[in-house]
Amino acid sequence: MFTGIIQEIGNIMEIDSHELDKQIIFKTEKKFLDDMNIGDSLSINGVCLSVVETKDDTFSVDVSNETIKLTTFSDLKVNSTVNLEKAMTLSEKINGHFVSGHVDETGIVKEKKIIGRSTCFLIEVSSDIKKFVSKKGSISIDGVSLTINFVKENCFGVNIIPHTLLRTIMSNYDVGTRVNIEVDLIARYLETLLIK
């Protein structure tokens with residue numbers, strides 16, 4: 001479980017493609033990895049993955065074919081940057097919202113506007129996900145916990161303050177960028193309860 005508060009940015013050093021999956025080596029700040037153990041969960045662009053190896057300032061993860069198909073991991077290349085967050089502990093403050101690391105689908109950046117000191121993105125999602133998207137509700141984009149400003153048809157808008165833009169990969173977004181979307185867990189569970 002994660003909070004959606006990004007702790008570090010990583011870079012892809014190497015991608016080892018197998019027949020149906022990949023092993024990816026990331027480079028990041030050594031201090032971020034100091035207390036990292038094999039098997040620990042990490043949110044990488046909002047995808048929960050297990051660390052399989054660490055060495056100095058690098059770590060490796062295995063990425064299944066299912067994850068590659070359902071997320072933006074199919075778009076990642078050597079030198080791509082990613083958002084990183086360690087799994088939360090029970091003693092932590094929850095500054096974002098509960099994020100499971102189980103991506104629902106990918107969305108597409110349809111518009112990017114600068115308003116004052118903030119950057120506003122319009123993200124398009126499928127009709128399947130749209131029902132979980134509500135004004136002032138929570139959503140995770142590439143692992144970043146955000147508040148939805150408005151909803152319009154199959155799109156929603158988010159406002160990104162300068163600090164978030166600087167501390168995440170969102171500064172790299174442009175029109176057409178694909179992003180990992182995870183809807184609010186509470187909205188997901190409510191639907192399940194109402195259907196039953």
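In this chain, residues are counted from 1 in sequence order.
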Side chains of Thr106 and Val179: does their closest heavy-atom pair fall under 4.5 Å?
no

About how many Å separate CD of Glu53 and OG1 of Thr58, when rounded to the nearest 0.5 Å?
7.0 Å

The reported gap from SG in Cys120 to CD in Glu111 (rounded to nearest 0.5 angstrom) is 9.0 Å

Are Thr177 and Lys112 close enough that some pair of their side-chain heavy atoms sits under 4.5 Å apart?
no

Would you confirm whether Asn180, through its side chain, and Gly46, through its main-chain N or O, come within 3.5 Å as a donor-acceptor pair?
no

Quick check: do Thr28 and Asn11 have side-chain heavy atoms less than 4.5 Å from each other?
no

Kindly indicate whether the side chain of Tyr173, heavy atoms from C-beta on, has any atom under 4.5 Å from the side chain of Asp142.
yes

Ile15 and Ile24, any side-chain heavy atoms less than 4.5 Å apart
yes

Would a 4.5 Å heavy-atom cut-off, applied to side chains only, mark Met36 and Leu42 as touching?
yes

For Glu105 and Ile129, indicate whether the former's side chain and the latter's backbone hold a donor-acceptor pair under 3.5 Å.
no

Just wondering, do Val103 and Phe73 contact through their side chains at under 4.5 Å, heavy atoms?
no

Sequence-distant partners of Lys27, salt bridge (Lys or Arg N to Asp or Glu O under 4.0 Å), two or more places apart
Asp57

Listed once per pair and sorted, the side chain to side chain donor-acceptor pair (under 3.5 Å) pairs that draw on residues 73-83, sequence neighbours left out:
Ser74-Arg178, Asp75-Arg178, Thr81-Asn172

Any heavy-atom pair between the side chains of Thr119 and Met170 that's under 4.5 Å?
no

Examine distances only and state if a side-chain atom of Gln7 and a backbone atom of Lys86 form a donor-acceptor pair shorter than 3.5 Å.
yes

Of Leu165, Leu166, Ile160, the residue whose pairing with Ser171 passes side-chain contact (heavy atoms from CB on, under 4.5 Å)
Leu165

Can you tell me how far the CZ atom of Phe59 sits from the CZ atom of Phe32, to the nearest 0.5 Å?
6.5 Å

